[in-house]
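Structure first, then comments.
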Amino acid sequence: MSERTLVVIRISGATLTRNFERHGKMDPFATATVQSPGAPKAAAWARTPTAWDAHMTPSWDFTSRPSELELDDVIQIKVFEDDIIGKSDFCGGASAQLSDLLGAGEQELPLFLGDGEPTGHITVTLSEVPPQQTEWSRVGPGKFCEDSVKPLGVSGGTAAFYSLEHSTPTADRGVGFYIGKDVSRAVDEVEFYERSLAIRQREEDGDGLGWLLSHSLEYLGILSAAGVDLLVLENLCEGQELPRLVDLKIGEKTASAGWQGKSRFRALKQSFVDKWTNSAAEGYRLEGFDGQPAALCSVLTHLTREMEDHQRMGAKAAKKARRMLLQTMSGGDIFRRLVDLHHMTECHDGVDSHLTSCELSERVLHTLVSKLARLSVACQRVEVPQKWVGSSIALGFDAGKLPKRTEPADDGVLVKLFDWGRSELLTAEAFEQLSARQQADRRRFWSYYCGGVSTLTWNAAREYFRRFGNGEDWDEVSLRMVDFDAMTKDDFLGEVFIPLKPSDGDVTVNLSPEGRGTITFSISWRELPAGSRLKGSWRVTVLHARDLVASDRTAAQASDPYCVVTASSKAGYAFSQSTCVVSRCLNPDFNETFDLAISSDPDALHGALANGGLGVIGELALPDLFALKSGLQTFNGVVASCGRGEAAAAGAA
């Protein structure tokens, strides 16, 4: 390995000798990529903004963020003509080894097409970042066991992660509490984490940023180990048997043209993703889901199979379809899937020593409501509008074990901010130096972020109210058989409404309408110990269905059935969960049990919201608050007023 150094590239401008635009003036932009020896392809490094109507003499005066490179890396610089519709036209490229460019001052590099035709030149300067700019917070080598630093692969993006073992663990910072992230692929986040660390260490928090950033991943500094520099970050999976984590990208708009290297074309493409996903509907979307419940896994598996079996589809189309299914999932669906634990094996010692799966679902959702409420209020208390584009919130917990009743209620339930590659931290002084247009831009994107967090909180509280707020009984329970279809709407196979009372063994009934087959189930009541927020639960076990209708129009003459268990009450409470999808079967066996909870604590939701700083909601009628549009508007107003310290006035109103 050659010497590594931190480098920035300044792309000043270009002079082109050929017009690549058929009509009008050209709109050029330039890119810089890095081809490392032995790497299969070049890695993206920098992109200038588009110089609109600059034609043959674009001037960019663009300086990249620092990137850690090796001296024998080859720097590839290309100029394109920006086409909003269609592929941008290649106008010429240049390449040279970093060792030849670094420290050589401003240089004019000739541009050539692939066939060798000269098309002009581009002016660039490559500089080593001065030492005073690289004074990152350093982690001493004795902080972690040297032989524990091993690569783990990548997660989501391109940055590699490394395992770390704390050499002096504590009660709240265990051996695996931290994880390493390769700085060379995350330089765009280092500045944010460094400024965040400084803000969180301030004695005073007059602008509210310190409290908000306390919800982000803990950052320790930069560790040099195993031949690389690593961001030392909090490990979200530490100590968990089966981490269940969702990655929610926050904001109605998750890209901004010309912002932090995002091209106009890519921002336009991202705007279509925003428009057709839950970003436009609720201000956030589901980007990743680790430790998925079995029912969701079965849906994604069958989606993949049907897409790949289709003559004109393939693995790539199936991957896009799986991602779109997650991205279009509503907030209610996200929380229902997140706390779906009905497949967990319960403790053989009975309900007295450990929580049941239903109680763990309730406990996790109750804690998420409290922590999200606190985060929503923290966003509103920030005095300086921030531009956090494409940033994420992680929600998660350990879905691999049922905790003892004596364990802390919020133990291991996570609400963490992360992914700062296209985000900035603005102080009041820096904000005042921006132009009026730039200030308006920051206010707009901050409203997107705060709105997304507030709506996410409302959906968490709404799901808790609907599923765990019922202290009386469920008025109506149905079992609905459905055929899963990847390409069209799922087909209805039959339904039955059942009385909610203990059954005398297994019960088999005909699905309605007649001739749709039968379904077999059983119902029992389970009392829970004193001290639980749940009085007990009705346990509906869906055993199997027989002689279902063949809905798929294929040679197989079958269906891919699953059963949806729903319950509702006149007070607005609602429950809905599904079994796994059974492939190509008219006589499916399910053997899955669902718990319809009955609450013993009518003030549990109020308590969660009050703990998060939204105690004034206790004066509002919850059924009205969780009506679809009007309730969300009321909730957002309460969050805003509580964030501004006007809770008393909001309550009086």
Side-chain angles (χ1 to χ4, degrees), residues 293-299 302 336 340-351 354-361 402 467 470 472-484 490-528 534-551 558-569 573-598:
L296 178 58
C297 283
S298 73
V299 168
H302 282 76
R336 277 191 288 275
D340 179 3
L341 299 172
H342 78 272
H343 285 94
M344 286 189 74
T345 301
E346 301 203 341
C347 183
H348 296 297
D349 296 338
V351 299
H354 290 73
L355 297 183
T356 64
S357 59
C358 182
E359 287 178 290
L360 179 56
S361 295
L402 292 168
R467 182 171 174 186
N470 187 359
E472 300 300 328
D473 218 335
W474 299 93
D475 297 323
E476 187 174 83
V477 180
S478 73
L479 308 179
R480 186 171 78 254
M481 293 302 307
V482 185
D483 168 56
F484 176 80
D490 292 353
D491 298 316
F492 173 74
L493 298 179
E495 186 174 24
V496 61
F497 292 90
I498 60 176
L500 199 55
K501 61 181 181 180
S503 62
D504 186 12
D506 299 343
V507 178
T508 300
V509 295
N510 292 321
L511 292 167
S512 179
E514 290 295 328
R516 292 276 176 165
T518 64
I519 189 167
T520 301
F521 64 91
S522 66
I523 300 177
S524 62
W525 166 260
R526 178 164 65 180
E527 194 82 18
L528 294 173
L534 301 181
K535 185 186 304 180
S537 65
W538 288 102
R539 313 206 75 205
V540 179
T541 300
V542 181
L543 296 164
H544 56 76
R546 295 291 182 261
D547 302 320
L548 297 177
V549 174
S551 179
S559 291
D560 299 316
Y562 65 97
C563 181
V564 182
V565 180
T566 61
S568 61
S569 76
Y573 307 117
F575 170 93
S576 179
Q577 279 189 344
S578 305
T579 67
C580 291
V581 180
V582 179
S583 180
R584 296 170 180 168
C585 183
L586 299 180
N587 300 288
D589 292 317
F590 299 112
N591 295 311
E592 298 184 31
T593 299
F594 302 86
D595 287 277
L596 308 182
I598 301 297

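The structure presented is a predicted model; accordingly, all values stated were derived computationally and were not measured.
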Side chain to side chain contact (heavy atoms under 4.5 Å, CB included) evaluation trace for L596 with Y573: CA-CA 11 Å; L596 308 182; Y573 307 117; over 6 Å; no

Evaluate the criterion side chain to side chain contact (heavy atoms under 4.5 Å, CB included) for residue pair Y562 and V564; output intermediate values, then yes/no. CA-CA 7 Å; Y562 65 97; V564 182; 3.5 Å; yes

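The CG atom of L548 lies 5.0 Å from the CE atom of M481; values are rounded to the nearest 0.5 Å. Between S537 atom OG and N470 atom CG the span is 12.0 Å, to the nearest 0.5 Å. Rounding to the nearest 0.5 Å gives a distance of 13.0 Å between CG of D589 and SG of C580. Atom CD1 of I523 sits about 4.0 Å away from atom CD1 of I498, to the nearest 0.5 Å. In this structure, OG1 on T508 lies 5.5 Å from NE2 on H544, to the nearest 0.5 angstrom. Taking OG1 of T566 as the reference point, atom CD of E495 lies at 6.5 Å (rounded to 0.5 Å).
Atom CG of N591 has more than 12 heavy atoms from other residues, nucleotides or ligands within 6.0 Å. When the shell of 6.0 Å around CD of E472 is examined, it contains 12 or fewer heavy atoms from other residues, nucleotides or ligands.
In the model, S522 has no side-chain atom that pairs as donor or acceptor with a side-chain atom of S503 under 3.5 Å.
One N or O on the side chain of W474 and one on the backbone of A597 form a donor-acceptor pair closer than 3.5 Å.
Minimum interatomic distance between S551 and S559 (heavy atoms only, all atoms of both residues): N-OG, 2.8 Å. Taking every heavy atom of both residues into account, F492 and R516 meet most closely at O-NH1, 3.4 Å. Of all the heavy atoms in D595 and R467, the pair that sits closest is O-NH2, 4.5 Å. Looking at every heavy atom in both residues, T520 comes nearest to D506 through CG2-CB, 4.0 Å. Shown here for H302 and V581, the closest heavy-atom pair between the two residues is CE1-O, 3.4 Å. Considering every non-hydrogen atom in both S576 and R336, the closest pair reads O-CD, 3.5 Å.
With contacts defined as side-chain heavy-atom distances shorter than 4.5 Å, the pair V565/E592 does not qualify. Side-chain contact check for S583 versus D560: some heavy-atom pair is nearer than 4.5 Å. P293 places none of its side-chain heavy atoms less than 4.5 Å from the side chain of H343. The closest side-chain heavy-atom distance from L479 to V540 is below 4.5 Å. Annotation: side chain of L296 is not in contact with side chain of D340 (no heavy-atom distance under 4.5 Å). The closest side-chain heavy-atom distance from V496 to I519 is below 4.5 Å. Between D547 and N587 the shortest side-chain heavy-atom distance falls below 4.5 Å. Put simply, the side chain of R546 reaches to within 4.5 Å of the side chain of T518, judged on heavy atoms.
Residue pairs meeting the ring pair (Phe, Tyr, Trp, His ring centres under 6.0 Å) criterion with at least one member in residues 574-596, sequence neighbours excluded: H342-F594.
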